[in-house]
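This one's a predicted model, so the numbers in the text were calculated from it and none came from an experiment.
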Amino acid sequence: QVQLVESGGGLVQAGGSLRLSCAASGRTFNKYAMGWFRQAPGKEREFVAGISWSGGNTYNADSVKGRFTMSRDNAKNTVYLQMDSLKPEDTDVYYCAAVLKYGLGFSSDLTGSNTYDYWGQGAQVTVSS
């Protein structure tokens, strides 16, 4: 069982930066691939970025490439999403998610929300124009 808690959301002007954190419980965090998703009211949950169990590879959605960077610190049971050059269209609730994928890299088959077993409660990110 893994429990996830996001933090670091807030209000920022366009062009600014925010860093989201997702703290995980459990002793097997380093066996899980992690993903960040976002969702606006009435819309489907959208993949943003993912990282393998070791942190050895990451995968970003085209909409955030060159602007968002995902990382993890397995010693702290935490993943991060550094968001730079934010745009108003990045405004959403951001969720972190975990799926057991020990020994495997992060690939495109992990971009679907139904792949993941555990979810955080979400963090609101609002970008003003």
Side-chain angles (χ1 to χ4, degrees):
Q1 188 79 8
V2 176
Q3 292 183 323
L4 305 172
V5 179
E6 299 98 337
S7 61
L11 173 64
V12 64
Q13 288 188 332
S17 299
L18 280 175
R19 188 176 80 156
L20 299 179
S21 300
C22 174
S25 65
R27 293 178 292 177
T28 60
F29 172 73
N30 62 357
K31 291 178 167 46
Y32 285 79
M34 301 294 294
W36 283 100
F37 290 77
R38 62 189 182 186
Q39 187 172 25
K43 293 189 176 181
E44 292 190 359
R45 198 161 288 189
E46 174 192 20
F47 173 80
V48 175
I51 193 165
S52 61
W53 63 279
S54 66
N57 75 294
T58 58
Y59 192 101
N60 282 7
D62 288 343
S63 59
V64 305
K65 280 181 181 176
R67 301 189 299 121
F68 291 10
T69 303
M70 187 172 183
S71 61
R72 70 189 295 161
D73 185 339
N74 284 346
K76 295 182 178 180
N77 276 20
T78 302
V79 294
Y80 305 96
L81 185 66
Q82 177 66 41
M83 303 183 292
D84 299 318
S85 301
L86 282 161
K87 305 174 181 179
E89 52 263 43
D90 294 319
T91 296
D92 269 324
V93 177
Y94 284 70
Y95 299 88
C96 68
V99 59
L100 188 63
K101 289 291 181 182
Y102 183 60
L104 301 174
F106 196 100
S107 60
S108 60
D109 62 344
L110 297 180
T111 60
S113 61
N114 58 0
T115 302
Y116 291 79
D117 300 314
Y118 303 101
W119 291 86
Q121 83 288 352
Q124 177 69 48
V125 171
T126 303
V127 185
S128 62
S129 57

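- Rounding to the nearest 0.5 angstrom, the gap separating the OG1 atom in T69 from the CE atom in M83 is 11.0 Å.
- Of all heavy-atom pairs spanning L20 and G8, the tightest one is CD2-C, 3.6 Å.
- Rounded to the nearest 0.5 Å, atoms CG (N30) and CG (N77) are 8.0 Å apart.
- By the 6.0 Å contact criterion, CD on Q3 is open, its count of non-hydrogen atoms from other residues, nucleotides or ligands being 12 or less.
- Hydrophobic clustering (ILVMFWY, side-chain heavy atoms < 4.5 Å, transitive): Y94 and Y80 are in distinct clusters.
- Between atom CD of residue Q124 and atom OG1 of residue T91 there is a gap of 7.5 Å, rounded to the nearest 0.5 Å.
- With contacts defined as side-chain heavy-atom distances shorter than 4.5 Å, the pair F106/T58 does not qualify.
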Apply the test side-chain contact (heavy atoms from CB on, under 4.5 Å) to residues Y59 and T111: give CA-CA distance (whole Å), side-chain angles for both, the deciding distance (0.1 Å), then the verdict.
-> CA-CA 9 Å; Y59 192 101; T111 60; 3.7 Å; yes
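- Minimum interatomic distance between F47 and N60 (heavy atoms only, all atoms of both residues): CE2-C, 4.2 Å.
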CA sep, side-chain torsions, deciding dist, call: K101, S52, side-chain contact (heavy atoms from CB on, under 4.5 Å) = CA-CA 8 Å; K101 289 291 181 182; S52 61; over 6 Å; no
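- By the rule that hydrophobic residues join a cluster once side-chain heavy atoms approach within less than 4.5 Å of another member, V5 and W36 end up as members of separate clusters.
- To the nearest 0.5 Å, atom OG1 of residue T28 and atom CD of residue Q1 are 10.0 Å apart.
- In the hydrophobic cluster analysis, where Ile, Leu, Val, Met, Phe, Trp and Tyr join through side-chain heavy atoms closer than 4.5 angstrom, L110 is grouped apart from V48.
- Of the options W53, Y118, Y102, a side-chain contact (heavy atoms from CB on, under 4.5 Å) to Y32 is made by Y118 and by none of the others.
- For the residue pair M34 and A98, the shortest heavy atom distance occurs at SD-CB, 3.5 Å.
- Under a hydrophobic clustering in which Ile, Leu, Val, Met, Phe, Trp and Tyr are joined whenever their side-chain heavy atoms come within less than 4.5 Å, directly or via other members, L18 and F68 fall into the same cluster.
- Residues V125 and G9 approach most closely at CG2-CA, 4.3 Å, considering heavy atoms.
- V99 is connected to F37 through a chain of hydrophobic side-chain contacts under 4.5 Å among Ile, Leu, Val, Met, Phe, Trp and Tyr, so both are in one cluster.
- Side-chain contact check for S21 versus K76: every heavy-atom pair is 4.5 Å or farther apart.
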Would V127 and K87 satisfy side-chain contact (heavy atoms from CB on, under 4.5 Å), going step by step from the backbone distance to the final call?
-> CA-CA 6 Å; V127 185; K87 305 174 181 179; 5.5 Å; no
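- Not a single donor-acceptor pair under 3.5 Å links the side chain of D84 to the backbone N or O of S17.
- Under a 4.0 Å N-O distance rule, the pair R67/D90 qualifies as a salt bridge.
- Using a 4.5 Å heavy-atom threshold, the side chains of R38 and V64 count as touching.
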Would you sort out whether L81 and M70 count as a side-chain contact (heavy atoms from CB on, under 4.5 Å), showing the intermediate values?
-> CA-CA 5 Å; L81 185 66; M70 187 172 183; 4.2 Å; yes
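- Among all heavy-atom pairs drawn from E46 and S63, the shortest one is OE2-OG, 3.9 Å.
- T78 and D73 are not linked by any side-chain donor-acceptor pair at a separation below 3.5 angstrom, with hydrogens and angles left out of the test.
- Taking the six-membered ring where tryptophan is involved, the planes of Y95 and W119 are perpendicular, since the angle between them exceeds 60° and thus also 30°.
- Taking both residues in full, the closest heavy atoms of A123 and E6 are given as CB-CB, 4.0 Å, listed atom of the first, atom of the second, then distance.
- Geometric assessment of R45 against the ring of Y116 yields a negative cation-pi assignment under the 6.0 Å and 45° thresholds.
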